[in-house]
Amino acid sequence: MSRDPEFSLTVEKPLTVTAKWDTEYWVEVYSPYGLAVGSGWYEKGSTATVSVSPATVDVFFVEYVFEGWMVEGWLVSASPVYSFTVDRPVTLTARWRSEVKLANVLALLILATLAVALLVWRSRASTRVREETKVVERVASEEVETRVAELVRLRVLEEELEKVKGYLSRLEEEWRRGTISTHAYEILKKEYQDKIEQLQNEIKKIRDYEN
């Protein structure tokens, strides 16, 4: 008769009104990295879709890579987008593995080597030469450091862009197969498209600076 807790009706005969209750369960989604989506109340037997993006997160010289969703210590899915039937309260925790970013470490070693070489050269130069070339050395050193850092950052951004494009393509496939809802698909699609646009803008800035 009504889905509202309070409603009015005209009484014309004896009538029994019975309250009908639906069972809902709380789904908790947690991830120490990226943006986790999907926490909330779900009706019993309904389908919940949870996700985390991006699937790789850079923190200084370490890259964290998404490995899967854990429930009570068990791996239930290796996909960043996971749909399941809600039959009880559940907490999903994203598991990540860490990988050392060799490109950044290499860049640091290059910069350190350049700095040491510059110090050695300075120690062997005469006082007069050091004073005369002081400005030139500083500018050259900054240009080398900036160039190396930008090249490393460009490589990292291009790799991340390809990964996000892959996630978007996989999302499209999951949606076409009907494994995720249209609502979840639209949310994740916008997140991935925004990330792609952000990465493309950053890459363009670096390339424009090089030219």
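We're numbering straight along the sequence, starting at 1. Hydrogens, waters and symmetry mates play no part in the numbers below; they use all other heavy atoms, side chains included.
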Trainee: Have a look at E158 and tell me which of R207, K204, K165 forms a salt bridge (charged side-chain N to carboxylate O under 4.0 Å, His left out) with it.
Mentor: R207
Trainee: Should the ring pair Y33 and Y64 be called parallel, tilted or perpendicular, given that the plane angle runs from 0 to 90° and is split at 30 and 60?
Mentor: parallel
Trainee: To check you understand the geometry: which heavy-atom pair defines the closest contact between V81 and Y192, and what is its length?
Mentor: CG2-OH, 4.3 Å
Trainee: Below 30° counts as parallel, above 60° as perpendicular, anything between as tilted: where do the rings of Y185 and W175 land?
Mentor: parallel
Trainee: Working to the nearest 0.5 Å, report the span between CG of L154 and CG of L161.
Mentor: 10.5 Å
Trainee: What residues, two or more places apart in sequence or in another chain, satisfy side-chain hydrogen bond (donor to acceptor under 3.5 Å, both in side chains) together with E43?
Mentor: none
Trainee: What about F84 and W41, same hydrophobic cluster or not, with Ile/Leu/Val/Met/Phe/Trp/Tyr joined at side-chain heavy-atom distances under 4.5 Å?
Mentor: no
Trainee: Evaluate the side-chain proximity of V29 to V37: yes if any heavy-atom separation is below 4.5 Å, no if none is.
Mentor: no
Trainee: If hydrophobic clusters are built by linking Ile, Leu, Val, Met, Phe, Trp and Tyr wherever their side-chain heavy atoms come under 4.5 Å apart, do L35 and V27 end up in the same one?
Mentor: no
Trainee: I need the E67 CD to R97 CZ distance, nearest 0.5 Å.
Mentor: 5.0 Å
Trainee: Once rounded to the nearest 0.5 Å, what's the spacing between atom CD1 of I180 and atom CD of E172?
Mentor: 8.5 Å
Trainee: Show the nearest heavy-atom pair for residues S83 and T49, with the distance to one decimal.
Mentor: OG-OG1, 2.7 Å
Trainee: Is any side-chain heavy atom of L188 closer than 4.5 Å to a side-chain heavy atom of Y167?
Mentor: no
Trainee: Specify the closest pair of heavy atoms between Y82 and S77, including all atoms of both residues, with the distance to one decimal.
Mentor: CD1-CB, 3.4 Å
Trainee: Is the closest side-chain heavy-atom distance between E160 and D58 below 4.5 Å?
Mentor: yes
Trainee: Starting at OG of S46, measure out to OH of Y25 and round the result to the nearest 0.5 Å.
Mentor: 10.5 Å
Trainee: Is it true that atom CD of E72 has more than 12 heavy atoms of other residues, nucleotides or ligands lying nearer than 6.0 Å?
Mentor: no
Trainee: I'd like to know if L168 and L157 are part of one continuous hydrophobic network [Ile/Leu/Val/Met/Phe/Trp/Tyr, side-chain heavy atoms within less than 4.5 Å].
Mentor: yes
Trainee: Under 3.5 Å, is there a donor on one side chain and an acceptor on the other for Q198 and E202?
Mentor: yes
Trainee: Report the distance from atom CD1 of I196 to atom CG of N201, rounding to the nearest 0.5 Å.
Mentor: 12.0 Å
Trainee: Does E186 pair with K190 as a salt bridge, N-O distance under 4.0 Å?
Mentor: no
Trainee: Is there a path of hydrophobic side-chain contacts, each under 4.5 Å between heavy atoms of I, L, V, M, F, W or Y residues, that connects V76 with V50?
Mentor: yes
Trainee: State, to 0.1 Å, how close R170 and P80 come at their nearest heavy-atom pair, and which atoms those are.
Mentor: NH2-CD, 3.5 Å
Trainee: Taking 4.0 angstrom as the limit, do E174 and R177 come out as a salt bridge?
Mentor: yes
Trainee: Looking at every non-hydrogen atom in both residues, tell me the closest pair between W96 and A55 and how far apart they are.
Mentor: CZ3-O, 3.4 Å
Trainee: To the closest 0.5 Å, what do you measure between CD (E159) and OG1 (T56)?
Mentor: 9.5 Å
Trainee: Can you sort out the partners of E191 under side-chain hydrogen bond (donor to acceptor under 3.5 Å, both in side chains), two or more places apart, ordered by chain and number?
Mentor: S53
Trainee: Can you name the nearest heavy-atom pair linking L92 to W69, along with the distance?
Mentor: CB-CE3, 3.9 Å
